[in-house]
Student: 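This structure is in structure tokens; I'll ask about it shortly.
Not measured: the values here are computed from a predicted model. Both backbone and side-chain heavy atoms feed into the values below; hydrogens, waters and symmetry mates do not.
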Amino acid sequence: MRLQDFTDKPLDTCTDLELFNALMRYTTAAAEGRGYNEGKKKLYYISAEFLVGKLLSNNLINLGLYDAVRDELAAAGRSLAELEEYEHEPSLGNGGLGRLAACFLDSLATLGLPADGVGLAYHCGLFRQVFEWGKQAEVPDLWLTWGRESFLKPTGRHYTVHFGDFDLTSTMYELDVTGYGSRCGRLRLFDVDSVDEGVLHSGIGFDKHAIAKNLTLFLYPDDSDDAGRLLRVYQEYFMVANAARLLLDEAVSRGSDLHDLADYAQVQINDTHPTMVIPELIRLLVERGIGQDEAIRITGDVCAYTNHTILAEALETWPAAYIERVAPQLMPIIRDLDERVCAATDDDPAVRILDDRGNVHMAHIDIHVAHSVNGVAALHTKILEETELAPFYRLHPDKFNNKTNGVTFRRWLVECNPGLTALIDARIGEGWKTDAAQLERLLDYADDDATLAALAEVKQANKERFSSWLEGHQGVSLDTASVFDVQSKRLHEYKRQQLSLLWAIRTYLDIKDGVYPQRPVTLIYGAKAAPAYVAAKDIIHAIITLGRLVERDPDARGWLRVVMLENYNVTAAERLIPACDISEQISLASKEASGTSNMKFMLNGALTLGTMDGANVEIAQLVGPDNIYTFGLGSDEVIAHYQKADYNPADYYRKDARLAEALDFLVSPAMVNDADGTMLSRLYGNLTQKDWFMTMPDFESYCATKAEMLVAHENERVWARSCLVNIAQAGYFSSDRTIRQYNEDIWHL
Ligand SMILES: *Cc1c(COP(=O)(O)O)cnc(C)c1O
């Protein structure tokens, strides 16, 4: 097969769209030719998000067609790189949780495991972030309008979903998930034909009451009012009602008599959004003649739950009245599950499914019924067991287990960093692409000057590549001789973009006093804030405002740049991460469940500046203290402060003049004159009076550790050696390893 076989026009006369669609037809045909992973028992990975990233080049690489297609296009005077730019990234996810789901699909396919991702086909996805007046504004991301035919295969499968006062018919679409040199898997996305982008009005606003028209418009519709919250419950029930029917139909068609369903199907519940699959499966089994006790037991044997967060506000609860309205058929089952919990635990209120205010605790359903409960990094699982979910751990100790997250090296190294890939291939061969532990062989080159110099050259080339990409996208040009210091992830106070911001202010003030860093630093942020998250938007505004101020100041401009990348997504991450020198992983210890960008940065030869949180702890163990820069309070200390409620930011403000000066600068005329003073003073008040995520106590050690790092960076050879050790030890963080562990301990596919 050649690309030319998939279009009637000569390649050189095709429009970009025609070429792109021909490429998608080509990869689809090649994927279908490979066939799909099959087996008696199949996994259904149900997730509200799949942050898959652009598909074209990833599929070409996995199918082994990349070089041939690039050459065929070049011979016709066309450029694969331009078509990669032309492609629109599917908007089906938000951050780490959705990207994890996408990495898992890649590994499942590559490892030959029969598995489907199951989710929703959001028409406008999350949102596209644009900056207006130095603030985040949201516009609909019409990716599906751009490429419905290119991206989604219709299947002809439909289900009727019964809501409290009306029915909707679903349509199932498929997206092939190519494995690396292997057969394929599928992502199955449900939609409703009646959904109508015409209900959108200004920005991402729309009529929240017209469920038939808006059900699958957005991922995480604004939940700051009742109508928005109710819509999320509609979405969740729609997702799992379809998933449950699909799973039962397929299991029966493979020979299950339903009593043995767990031999035919496993469900992984990715965070609590798909929790209603549990009562729904129980309901469907009972409807098909199985007794309630057995139906609960079977459902428990089928379902496993992954917890992704210990932030209390992120553990979903829904008023029972909402579920009563959306899916009244589930409430008798949820009440029955709650009564069973009460009977077994002497009415212990801490572990009840229904609380006395009439709220349903989704995670509690998962933990009581599912056969496995896992955290996503060693520290996170330990905190779940010992603190956050301790009463549940005492009840069900055997269910708890850890599965440290991972990322697919096909996308996060082979695709995004061809220079480094070639360097590694030349030294240790290509086996690491499917057996990541082989990266350790790079340690043989830890003292090889030529390898270390080549590593530094690759980094420099990636910095230049990123800079020209950014110039094209945002009109910002960077000093590629500066240190690229990067914090890119969702904007959240616990992730503490405000901490690196305070460092930037401090550094600016020092420069004004004639104290300069070793070499110029470019601090690069990429972050979207949830549309209703006021404090996060204030931080974005402060970052952009500071960036403009430094930019205008001839004293500072040559030494410090603060850049906020617009609309951070997988495409941006793939450009940015290979270009990074310093990877900022500075969440308040105990708050980041795992993190996965920390792994991507490490794999691409950046050094971590981080707290002992999430998977940073495991990174530190693997690379050793010489090859990571850690600082700040430990998780035990943080947990103790919360328990004693003894933290007061004013103490630090009073004690530390350098910190106080940096804070005060937020509301100084230099900042406020060019900005929204209300937002800046709200941020100032938040930090000086509440500082819920303890920025102040870590400020001094953060600044000192970063200073140490900037000194270390000046020794090119030693720095490159550290980068090499990080790359060599990153093998543990391959999602292939994570998925093997899920399969061995939980799914047994
Ligand atoms: C990996 C990734 C994330 C997760 O980042 P964390 O730092 O682990 O929160 C978020 N967004 C995108 C686009 C990613 O690729």
Student: List the atom of L65, the atom of A30, and the distance in Å for their closest heavy-atom pair.
Tutor: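 Scanning both residues completely, I find the closest heavy atoms to be CD1-CB, 3.9 Å.
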Student: Does the side chain of R99 reach to within under 4.5 Å of the side chain of K600, using non-hydrogen atoms?
Tutor: yes
Student: Tell me the closest heavy-atom pair linking P221 and Q235, and the distance in Å.
Tutor: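 Residues P221 and Q235, closest heavy atoms: CD-OE1, 3.5 Å.
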Student: Which pair of heavy atoms, one from P279 and one from I365, lies closest together, and at what distance?
Tutor: CD-CG2, 4.4 Å
Student: Using distance alone, with no hydrogens and no angle criterion, decide if Y264 and E250 have a side-chain donor and acceptor under 3.5 Å apart.
Tutor: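 No, because no side-chain N or O of Y264 sits under 3.5 Å from a partner of the opposite role on E250.
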Student: Nearest 0.5 Å please: distance from the OH atom of Y180 over to the CZ atom of F409.
Tutor: 13.5 Å
Student: Assess the side chains of T596 and N405: does a donor N or O sit below 3.5 Å from an acceptor N or O?
Tutor: no
Student: Tell me whether the guanidinium CZ or amine NZ of K153 lies under 6.0 angstrom from the six-membered ring centre of Y173 and within 45° of its axis.
Tutor: no
Student: Below 4.0 angstrom, N of the basic side chain to O of the carboxylate: do D176 and R34 qualify?
Tutor: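 No, D176 and R34 are not salt-bridged.
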Student: Could you grab the distance from atom CG of L51 to atom SG of C103, nearest 0.5 Å is fine?
Tutor: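 Here the rounded value is 9.0 Å.
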Student: Under a 3.5 Å distance rule, please check whether K399 uses its side chain to pair with a backbone N or O of I367 as donor and acceptor.
Tutor: yes
Student: Using 30° and 60° as the class boundaries, would you call the ring planes of Y237 and F163 parallel, tilted or perpendicular?
Tutor: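 Ring orientation of Y237 relative to F163: perpendicular.
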Student: Which atom names give the shortest non-hydrogen contact between G614 and A377, and what distance separates them?
Tutor: C-CB, 3.9 Å
Student: When rounded to the nearest 0.5 angstrom, what distance separates CG in L285 from CG in L261?
Tutor: 6.0 Å
Student: Does either side chain, that of T381 or that of N402, offer a donor lying less than 3.5 Å from an acceptor on the other one?
Tutor: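 Yes - a donor-acceptor pair under 3.5 Å links their side chains.
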Student: For R148 and D191: C-alpha separation, side-chain torsions, deciding distance, then whether salt bridge (Lys or Arg N to Asp or Glu O under 4.0 Å) applies.
Tutor: CA-CA 12 Å; R148 179 180 281 276; D191 197 3; 3.1 Å; yes
Student: Taking all atoms of both residues into account, what is the closest heavy-atom pair of L113 and N743, and its distance?
Tutor: CD2-ND2, 3.7 Å
Student: Flag the pair D260 and K40 as a salt bridge only when some basic side-chain nitrogen lies within less than 4.0 angstrom of an acidic carboxylate oxygen.
Tutor: no
Student: Is a donor from one side chain sitting under 3.5 angstrom from an acceptor on the other, for D366 and T272?
Tutor: no
Student: Is the distance between the ring centroids of W146 and F20 under 6.0 Å?
Tutor: yes
Student: Would you give the length of the straight line joining atom CG of L105 to atom CZ of F50, rounded to the nearest 0.5 angstrom?
Tutor: 5.5 Å
Student: So, N307 and H380: side-chain donor and acceptor under 3.5 Å apart, yes or no?
Tutor: yes
Student: Rounded to the nearest 0.5 Å, what's the gap from CD1 on I310 to CD1 on I383? Could you check?
Tutor: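 Going from the CD1 atom of I310 to the CD1 atom of I383 covers 4.5 Å.
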Student: Strictly below 4.0 Å, N to O, side chains only: are R740 and D736 in salt-bridge contact?
Tutor: no
Student: Any side-chain donor paired with an acceptor under 3.5 Å for H368 and D338?
Tutor: no
Student: Please test D336 against R340 for salt bridge (Lys or Arg N to Asp or Glu O under 4.0 Å), starting from the C-alpha separation and ending with a verdict.
Tutor: CA-CA 6 Å; D336 176 48; R340 288 167 192 255; 2.9 Å; yes
Student: Answer whether the closest heavy-atom distance between the side chains of E87 and S57 falls below 4.5 Å.
Tutor: no
Student: Side chain to side chain donor-acceptor pair (under 3.5 Å) between Y220 and E49: does it pass, once the steps are laid out?
Tutor: CA-CA 10 Å; Y220 302 141; E49 303 182 33; 2.6 Å; yes
Student: Counting only N and O atoms by type, is there a donor-acceptor contact under 3.5 Å from the side chain of T738 to the main-chain atoms of T404?
Tutor: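 Pair found, side chain donor or acceptor close to backbone of T404.
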Student: Would you compute the distance between atom OG of S734 and atom CD of Q438 and round it to the nearest 0.5 angstrom?
Tutor: 11.5 Å
Student: Given the rule in the salt bridge (Lys or Arg N to Asp or Glu O under 4.0 Å) test, do D106 and R411 qualify, once you have shown the distances and angles that lead to the verdict?
Tutor: CA-CA 9 Å; D106 180 285; R411 182 176 289 269; over 6 Å; no
Student: Regarding R283 and E280, does a basic nitrogen lie under 4.0 Å from an acidic carboxylate oxygen?
Tutor: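 Here R283 pairs with E280 in a salt bridge, since their nearest N and O are under 4.0 Å apart.
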Student: Side chains of S150 and N21: donor-acceptor distance under 3.5 Å anywhere?
Tutor: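 A donor-acceptor contact under 3.5 Å links the two side chains.
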Student: Using the six-membered ring wherever Trp is involved, compare the ring planes of F151 and W143 and label them parallel, tilted or perpendicular (cut-offs 30° and 60°).
Tutor: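 Ring orientation of F151 relative to W143: tilted.
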Student: Classify the angle between the aromatic ring planes of F104 and Y742 as parallel (below 30°), tilted (30 to 60°) or perpendicular (above 60°).
Tutor: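 Judged by the thresholds at 30° and 60°, the geometry between F104 and Y742 is perpendicular.
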Student: So which of I298, I296, L248 actually passes side-chain contact (heavy atoms from CB on, under 4.5 Å) with L281?
Tutor: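 Between L281 and the candidates, side-chain contact (heavy atoms from CB on, under 4.5 Å) is satisfied uniquely by L248.
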Student: Kindly determine whether T171 and D193 satisfy side chain to side chain donor-acceptor pair (under 3.5 Å), including the steps that lead there.
Tutor: CA-CA 7 Å; T171 300; D193 293 347; 2.9 Å; yes
Student: More than 12 non-hydrogen atoms from neighbouring residues, nucleotides or ligands closer than 6.0 Å to CZ on R325, yes or no?
Tutor: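 No.
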Student: Might you point out which heavy atoms bring T317 and H361 nearest each other, and give the distance in Å?
Tutor: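 Here T317 and H361 meet closest at CG2-ND1, 3.5 Å.
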Student: May I ask you to decide whether E324 forms a salt bridge with R335, counting only side-chain N to carboxylate O separations under 4.0 Å?
Tutor: yes
Student: Is the NZ atom of K41 crowded by more than 12 outside heavy atoms at less than 6.0 Å?
Tutor: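 Yes, the 6.0 Å shell around NZ holds more than 12 heavy atoms from other groups.
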Student: Keeping the roles fixed (side chain from R188, backbone from V118), state whether a donor-acceptor pair exists under 3.5 Å.
Tutor: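 It does not hold such a pair.
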